Amino acid sequence: MQLTNRSKVVSKKEMTLVERMYLPAIFSGMLITLSHFFKRKPTIKYPEQKREFSGVYRGQHVLKRDEKGAERCTACGLCAVACPAEAITMTAAERKPGEENLYREEKYAAKYEINMLRCIFCGDCEEACPKEAIFLTDRQVNVYGQRKSFVYGKDILVEPKDNPIDLSKRQSAAVKEFKTHQEFGHNQTFDKNRKVKVGGHH
Amino acid sequence: MAFTTYFIYKAILVLAVFAITLLVATYSTYAERKIAAFLQDRVGPDRAGPFGILQPLADAVKMFMKEEMIPSVSNKWLFILGPSLAMLTACLTGVVIPWGKSLFIDGQEFSLQITDLNIGVLYLFSVVSMGVYGIMIGGWASNNKYSLLGGIRASSQMISYEVAMGLSIIALVMTTGTLSMKEIAAQQHGWHWNVLVQPLGCLIFIICAFAETNRAPFDLPECETELVGGYHTEYSSMKLGFFLFAEYINMFISSAVISTFYFGGYNMPFIGRWVHDPNMLAILGVVFLFVKISFFIFFFMWVRWTLPRFRYDQLMNLGWKILIPLSILNIVITGAVSMRVEILEFFTK
Ligand code: SF4
Ligand code: SF4
């Protein structure tokens with residue numbers, strides 16, 4: 001069976017004298033490598049130069065605040081459940097009166113940690129979150145010398161109040177519209193007749 | 001010349017040649033990595049200093065910092081002797097190479113060759129063939145199968161290619177009529193480069209030089225795909241550095257020898273028309289020689305990053321069945337051409 005038309009018949013004919021001298025072949029081979037010597041190098045010298053990332057690149061996470069600056073996350077744990085790498089852990093706490101400007105919901109995550117060494121940047125947490133609280137961004141996770149430095153807590157994950165992370169490319173109008181169709185989410189098993197979510201893959 | 005002047009001048013020359021040899025070898029490691037990278041569409045080391053020119057320093061520091069290990073089953077003295085010998089013989093060869101014409105200062109002649117042995121070519125050969133002892137002893141003393149195999153390969157490869165190399169040189173000696181390196185270089189003034197007289201001999205010599213320096217495609221003694229690291233498998237730290245460094249020194253010296261034997265040495269055609277001062281000419285000669293040497297070092301690397309390694313039987317076939325008959329043929333042709341008048345007479349009589 002022929003799968004492609006790229007296959008070549010190998011000929012086992014005797015080599016001619018010129019071929020057996022090898023020198024012409026060596027010479028042409030050396031010309032090929034020399035031509036590469038002068039080619040432009042495609043290398044991107046990383047820390048100084050950065051590759052341009054797609055707007056929906058899946059890099060370091062951010063925990064969003066709402067318009068008033070309160071944390072959106074309600075510590076429901078859906079992201080942790082959705083996470084295939086089991087990278088997310090959290091501790092929930094109840095909001096005290098007077099903390100309404102800090103936490104949007106009555107329950108919030110007192111502790112929220114993502115282990116960046118476990119995370120595979122699949123984006124399932126972003127998709128699972130019912131509160132639009134967690135997103136992946138086009139930032140890259142830093143390099144550290146110690147494992148424990150890779151466990152990111154709320155101090156790194158929650159976006160700074162005065163410097164919100166721009167997610168407009170990721171959260172475009174079209175994406176928002178798409179997200180209303182729960183049947184398209186790959187976390188959900190879609191039942192055509194009921195048109196409701198019948199549970200994640202866990 | 002007074003003895004003290006003579007002594008100081010020779011000491012300076014020896015030190016200069018030694019220092020330049022080490023410097024060139026150091027920067028050959030950098031050049032090798034850069035050239036390899038460029039031939040493979042990469043940029044190579046560029047972090048240490050601008051364009052990575054401090055990379056050899058970083059490499060040296062790394063080598064020194066590495067743990068020094070001597071395997072308990074090895075023969076300790078031979079184990080240390082191996083790399084030392086490799087380094088020693090590599091450095092010895094620079095002595096007979098004419099680095100340039102003589103300088104004239106205060107009416108005194110200062111030759112830019114450390115010593116003009118009248119058997120310079122033979123000296124070169126004996127020292128080069130000693131080089132294999134370092135590798136062999138290192139491979140043997142390690143008490144490791146791979147090292148031993150590497151050592152055996154090195155010695156049989158050296159022996160095979162030395163024959164062809166020697167035969168190709170015999171043809172050269174027949175045309176030049178001298179064994180002195182200085183004479184050979186001086187005879188090639190203008191366009192009288194030996195490569196034009198001895199193209200086949202030159203080709204054979206270059207191929208053998210590749211084999212003698214253990215460079216790809218003849219790097220079977222250290223063949224990392226089958227022998228881990230060959231003779232230097234068990235070596236670490238600066239002893240490994242010595243082995244690797246000796247290879248670069250050998251490459252530098254081989255390039256110098258190829259340039260001197262076949263490519264005019266310090267001579268450059270037509271330069272005599274513009275420059276008349278002998279001292280200026282001598283200095284320019286050194287520059288030309290180093291340009292030629294640089295080209296051949298580049299050539300060594302260019303070949304290494306183009307051609308795959310030989311199989312062992314192919315290596316032996318090439319050496320014994322092709323290069324040796326070819327170099328004998330070369331001797332016969334050279335003899336016939338130089339005796340052409342007598343031969344013609346013999347047949348026309
Ligand atoms: S991106 Fe994927 S792996 Fe990483 S935390 Fe989110 S769900 Fe887990
Ligand atoms: S980030 Fe979203 S899914 Fe995760 S606990 Fe907070 S609200 Fe729930």
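Each chain gets a letter, A, B and so on, in the order the sequences are listed, and its residues count up from 1. In this text the structure is predicted, and so the values were computed from the model without any measurement.
Nearest heavy atoms, B:Val303 versus A:Met30: CG2-CE, 3.5 Å.
Using a 4.5 Å cut-off between heavy atoms, B:Leu307 touches chain A through its side chain atoms alone. Heavy atoms closer than 4.5 Å to chain A are found nowhere in B:Ile322, neither backbone nor side chain. For A:Ile32, no part lies under 4.5 angstrom from a heavy atom of chain B.
Ring geometry, B:Phe299 versus B:Trp302: the interplanar angle exceeds 60°, so the pair is classed perpendicular (tilted spans 30 to 60°).
The salt bridge (Lys or Arg N to Asp or Glu O under 4.0 Å) test with A:Glu126 singles out one residue from A:Arg170, A:Lys131, A:Arg58, and that residue is A:Arg170.
Options B:Asp41, B:Val43, B:Thr306 differ in how many heavy-atom pairs under 4.5 Å they form with chain A, and the most are formed by B:Asp41.
No hydrogens or angles considered: a donor-acceptor pair under 3.5 Å links the side chains of B:Gln198 and B:Thr334.
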